[in-house]
Amino acid sequence: MGDEIRRNMALFPIGIVMKLTDLTARQIRYYEQHELIMPARTSGNQRLFSFNDVERLLEIKALIEKGVNIAGIKQVLNPVSKESEEATVLSADSESKRKELSDIQLHRMLKQQLMTGKRPGQVSLIQGELSRFFTK
DNA sequence: ATTCTCACA
DNA sequence: TGTGAGGA
């Protein structure tokens, strides 16, 4: 896994990212404020995005179109803690561990469903069951 | 020509 | 989220 450096290499300015993602500069900056992305900066304070940032923005865009809000996206997309999920499980006691585990499984299922765009007839699950995560 | 931050007749 | 101001 070595070309991860290439994918995380800051390359393009916001103008190009706008065309690549069909998002407005406003939206891109807004998502950054909410820590959904954290692009690099040039010495002149200009944002520089990597391939990963762009892909991430595309995922965010997809989720927003699915009707998911920032809080929800934070749950589904969490690069800020790839191992925090497991850490949560490891640091939990037997009883809460069972709960945390089911949460993580549900978490992954929801992500898969939202990203894969499955089950057209159960959009209610996205607003109902998912709200459980948004609120808490 | 581009992007940045801030603020809202 | 849009949009315009004012600066880099």
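Each chain gets a letter, A, B and so on, in the order the sequences are listed, and its residues count up from 1.
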Between B/dC6 (C1') and A/Arg29 (CZ): distance, integer Å: 11 Å
Return the value, rounded to whole Å, for the distance between atom CZ of A/Arg26 and atom P of C/dT1. 9 Å
Tell me, do A/Ile37 and A/Ile28 make a side-chain contact under 4.5 Å, heavy atoms counted? yes
Spacing between A/Leu48 atom CG and B/dC4 atom C1', to the nearest angstrom: 13 Å
Tell me: CD of A/Gln46 to P of B/dT3, nearest whole Å? 7 Å
Side-chain touch A/Ile60/A/Leu57, heavy atoms, less than 4.5 angstrom: yes
Separation of A/Ile28 atom CD1 from C/dT1 atom P, in whole Å? 11 Å
Need the pair for C/dA8. Rule: Watson-Crick or G-U wobble, both distances under 3.5 Å, any strand; none if unpaired. B/dT2
Between A/Thr21 (side chain) and A/Leu58 (backbone), is there a donor-acceptor pair under 3.5 Å? no
A/Gln27 CD to B/dT3 P, in whole Å, measures 16 Å
Between A/Arg41 (CZ) and B/dC4 (P), how many Å, whole number? 6 Å
Correct closest heavy-atom pair for A/Met18 and A/Ala25 would be CE-N, 3.6 Å
Nearest-angstrom distance, P atom, B/dT2 to C/dG6: 22 Å
A/Tyr30 atom OH is separated from C/dT3 atom P, nearest whole Å, by 17 Å
Heavy atoms only, 4.0 Å cut-off, all strands: where does A/Gly44 land among base, sugar-phosphate and nothing? nothing
So does A/Thr24 get a side-chain nitrogen or oxygen closer than 4.0 Å to the phosphate oxygens (OP1/OP2) of C/dT1? no
